[in-house]
Amino acid sequence: MLEKAEHLKQKINNFQAANKDELERYRVNFISRKSQIADLFSQLKEVPADQKKLAGKALNDLKNLAQERFQYLIEQLDEETQTHEGDHADLTLPPVPDKIGTAHPLTIIRRRIIQIFERIGFNVSEGPEIVDDWHNFTALNFPENHPAREMQDTFFIEKDPDIALRTHTSSVQIQVMENQQPPIRTLSPGRVYRNEAISARAHCIFHQVEGLYVDENVSFVDLKQTLFHFAREMFGKDIKIRFRPSYFPFTEPSAEIDISCLICHGKGCNICKYTGWVEIAGSGMVDPSVLDNCNIDSVKYTGFAFGMGIERVAMLKYQIKDLRLFTENDVRFLRQFNF
Ligand code: PHE
């Protein structure tokens, strides 16, 4: 027993740990409950009574030694890794660049949309997100009992007089036309709110860009050509675009604008609801009564307007299948958009 203890003592004293694995090997061999020292302790009961005291002391000493050496090895290894790193730091190397952030995909798309329209003479105007009934509904020709005014769509902040979160950027049309006479060519990007259940295709907060062009002799052809130009600039010259007759209280005639689905290329997917077409905007010729509401001469002037969903455009451009990704702020998603 004493011999064995002496043998272990030497082993412990000579042990060197150059890395974490070796340190672990030391711990298993000399410290753990299955260590060689623990083994000796369990053999203690077989030692003849007269030698027990001596053997016990030897084992206790050995155990303490093992502990002390363990501490020492840990400290040594720590020191070594630190000086190692220090030794190898090459101060002439160029610094590792800091990771810089990227613009949010919706920001990138908004900027791109503005850029395309600015080149053909549109300026940018912005309006408030909290609006009165006049700007969001009444001036835009919504009849008194129109369903869009009801609670299920609109987040009201106050009732009588009604104050609400704007449900579309068309409210900015009114704001601009009340303050400016034609020619008007303006783009109004911004956030809009609707009381809708959140899903892959819908959200209660999203973004639109409103376009408004009012001047003498503005026609539906101008609307078509302008949006066709936009689609080609944004999605490339192979893009197809179609106008579907529709209804909005503030435009007459009205049309919804679809573009060919870039996610499935017409094969059918959940984004285009298996039709091969995706709606990106509502549009139409500004209803003369809206011009009148803003004191613009509706005999002299005509205009077109459109409201485009920025999320929709971004989803098509980047092939994103779930709208919720835009608001989850997962950096693994956001980092991908740096162009
Ligand atoms: N404001 C409409 C909407 O949110 C879109 C639209 C804008 C339609 C301008 C026609 C003209 O659905």
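Only a predicted model underlies this, so the values are computations on that prediction, with no experimental measurement involved. What's counted below: heavy atoms across the whole structure, side chains too, no hydrogens, waters or symmetry copies. Order of appearance sets the numbers: ligands from 1, and atoms from 1 within every ligand.
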One pair per line, please: each N/O atom of ligand 1 matched with every protein N/O atom under 3.5 Å away, atom names first, then the distance to 0.1 Å.
unit_1: ligand 1; atom_1: 1 (N); unit_2: His168; atom_2: ND1; d: 3.0
unit_1: ligand 1; atom_1: 1 (N); unit_2: Ser170; atom_2: OG; d: 2.9
unit_1: ligand 1; atom_1: 4 (O); unit_2: Arg194; atom_2: NH2; d: 2.9
unit_1: ligand 1; atom_1: 4 (O); unit_2: Gln208; atom_2: NE2; d: 3.0

Test: salt bridge (charged side-chain N to carboxylate O under 4.0 Å, His left out). Region: residues 124-147. Which pairs qualify, not counting sequence neighbours?
Asp133-Arg149, Glu144-Arg149
Would Asn141 and Ser289 count as a side-chain hydrogen bond (donor to acceptor under 3.5 Å, both in side chains) here? Give the steps.
CA-CA 7 Å; Asn141 221 15; Ser289 56; 3.1 Å; yes
Looking at Tyr193 versus Phe155, is the centre-to-centre ring distance below 6.0 Å?
no
Presence of salt bridge, Glu24 and Arg27, under 4.0 angstrom
yes
So does Arg242 pair up with Asp258, basic N to acidic O under 4.0 Å?
yes
Does this structure show an ion pair linking Arg25 with Asp21, if we count only N-O contacts that are shorter than 4.0 Å?
no
